[in-house]
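Written out below as structure tokens is the structure these notes cover.
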2 protein chains.
Amino acid sequence: MVGMSLRVALLGLLSFAGPASGYDLTKMFTLTINHVWQAKHSQIYPELNRMAADGLISVAQPGPRGRKIYTITEHGAATMRDWLVSHTPSGTMRSEQSLQAFLLPLLEPPQALEALERMADATQARLDGLEEMKKVHMSGQGGGDIGHYALDLGIMQLRAILAWTHQTADDIRASAAPDS
Amino acid sequence: MVGMSLRVALLGLLSFAGPASGYDLTKMFTLTINHVWQAKHSQIYPELNRMAADGLISVAQPGPRGRKIYTITEHGAATMRDWLVSHTPSGTMRSEQSLQAFLLPLLEPPQALEALERMADATQARLDGLEEMKKVHMSGQGGGDIGHYALDLGIMQLRAILAWTHQTADDIRASAAPDS
DNA sequence: AGACTCATGTAATGCGTTACATGATTTG
DNA sequence: CAAATCATGTAACGCATTACATGAGTCT
């Protein structure tokens, strides 16, 4: 089965934070995992119902306001571990950022430089966001925090993009003004 | 309008390579732009028809085997340039790779290290692929080649991921064996 | 003639977003 | 009691993949 990602993400959050409702999980999604995966409540609620039907999570009797608390089952935990250990992630990459990079040579140098500058600004802004998150993260408890490594990965990738924008801008300037 | 990416990618290929059929464009997609964006013929053919209806490209009378040759129009070229210069790419990131990174702290150190090793291998393989492409690219003509910058970007991002796998493995080993 | 590649399409299905819809509880 | 927040769901739509379907030309 493909399209396992949302399930695994939810199992991970339940495993880390303990029993929670769909509403809680929706908030946790946007607050913690957002730079890596996104999902709205309209996708999460039906998925939780399917996961319960499949025995990956169990549901308590609805509480006040129809609140339904989900708990990860042993089957769910095993499924998640198995995916982490044995699923080779699809390398499918779909990035508007990279698409613009691909087409950049079709622009005249001045326009290309302008586009690069916008990209650099946007990347810097996202990088600032992640670095801010990391500060908050570290001022909490130390050690085996969920999301900790993904934050580092995000930061390193954004730094790579930023370095590329500078290098490419230099390259374009150099080829636009051939001799010194 | 959103979901412009496929259109722009096709316009870019037509702009760079000149008039081509849907079949040609499908091949070019997998051969050149694949590390940045993916599309199958079943998506490309209907899109080309819509683009022709919108005046972004023009169609010649079908040739042998029903082959339809598309040519970018001035309107199409302007649309593409405009998107490149003024569209800020959505930062939406959805990477199974990063999702695994996010959940890594939920594994015991030995399993986490094993998962990291698989990730490193997969990343290295993709990196080898891109670096091979770059060699081919450079042995062609020099200068303003389409895809040139995107290739560099891909390589830099993959190197960042690779560096992260090593750094993270060290970190996990260090915290699994606290004192020297 | 048979196999292969060229060439174009449609249908079914899945994942994801936006919008619609409803009601219970808490807070001011 | 009014507004905000909590809480769950469904419907409509768009993008992308897989599978189905068909036929024309080329090469052995």
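Note on naming: letters A, B, ... go to the chains in the order of the sequence lines (proteins, then strands), and numbering restarts at 1 for each one.
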Whole angstrom value for the distance that separates [atom2] of [N] from [atom1] of [X]:
X: B:Asp24; N: C:dA7; atom1: CG; atom2: P; result: 6 Å
X: B:Arg50; N: D:dC15; atom1: CZ; atom2: C1'; result: 10 Å
X: A:Tyr70; N: D:dA7; atom1: OH; atom2: P; result: 13 Å
X: A:Glu96; N: D:dC15; atom1: CD; atom2: P; result: 12 Å
X: B:Tyr23; N: C:dC4; atom1: OH; atom2: P; result: 14 Å
X: A:Glu47; N: D:dG9; atom1: CD; atom2: C1'; result: 15 Å
X: A:Asn49; N: D:dA7; atom1: CG; atom2: P; result: 16 Å
X: A:His41; N: D:dT8; atom1: NE2; atom2: P; result: 10 Å

- Message: Would you say A:Tyr45 places a side-chain N or O within less than 4.0 Å of OP1 or OP2 belonging to D:dT8?
- Response: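 Result: yes.
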
- Task: May I ask you to verify if any side-chain N or O of B:Lys68 is less than 4.0 angstrom from the OP1 or OP2 atom of C:dA7?
- Result: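 The answer is no; no side-chain N or O of B:Lys68 sits under 4.0 Å from OP1 or OP2.
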
From [options], nucleotide with atom closest to [X] side chain:
X: B:Arg65; options: C:dT18, D:dG23, D:dG9; value: D:dG23
X: B:Trp37; options: C:dT25, D:dT17, D:dA16; value: D:dA16
X: B:Gln43; options: D:dC15, C:dT17, D:dA7; value: D:dC15

- Query: Of B:Lys27 and A:Met4, whose closest DNA chain C nucleotide lies nearer the 5' terminus?
  - Reply: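 Upstream on the strand: B:Lys27.
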
- With a 3.5 Å cut-off and just heavy-atom distances, do the side chain of B:Ser42 and the base of D:dT18 make a donor-acceptor pair?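 Looking at the base of D:dT18, it does pair with a donor or acceptor on the side chain of B:Ser42 (distance under 3.5 Å).
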
- Under the ring pair (Phe, Tyr, Trp, His ring centres under 6.0 Å) test, residues paired with B:Tyr45 that sit two or more places apart: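 Listed in chain order: B:His41.
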
- Task: Using a 4.5 Å cut-off on heavy atoms from C-beta on, say whether the side chain of A:Ile57 contacts that of A:Leu11.
- Result: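 In short, these two side chains touch, coming nearer than 4.5 Å.
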
- Is there a side-chain contact between A:Leu151 and B:Phe102, using heavy atoms and a 4.5 Å cut-off?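 No, every pair of side-chain atoms sits at 4.5 Å or beyond.
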
- 5' priority, DNA chain D, between A:Arg94 and A:Gly66 [closest heavy atom]: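 The 5'-side residue here is A:Gly66.
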
- A:Trp164 to B:Tyr149 - nearest heavy-atom pair and separation: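 Minimum heavy-atom separation between A:Trp164 and B:Tyr149: NE1-O, 3.0 Å.
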
- Message: Check the orientation of B:His137 and B:His148. Use parallel for under 30°, tilted for 30 to 60°, and perpendicular for over 60°.
- Response: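 Parallel, since the angle between the ring planes stays under 30°.
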
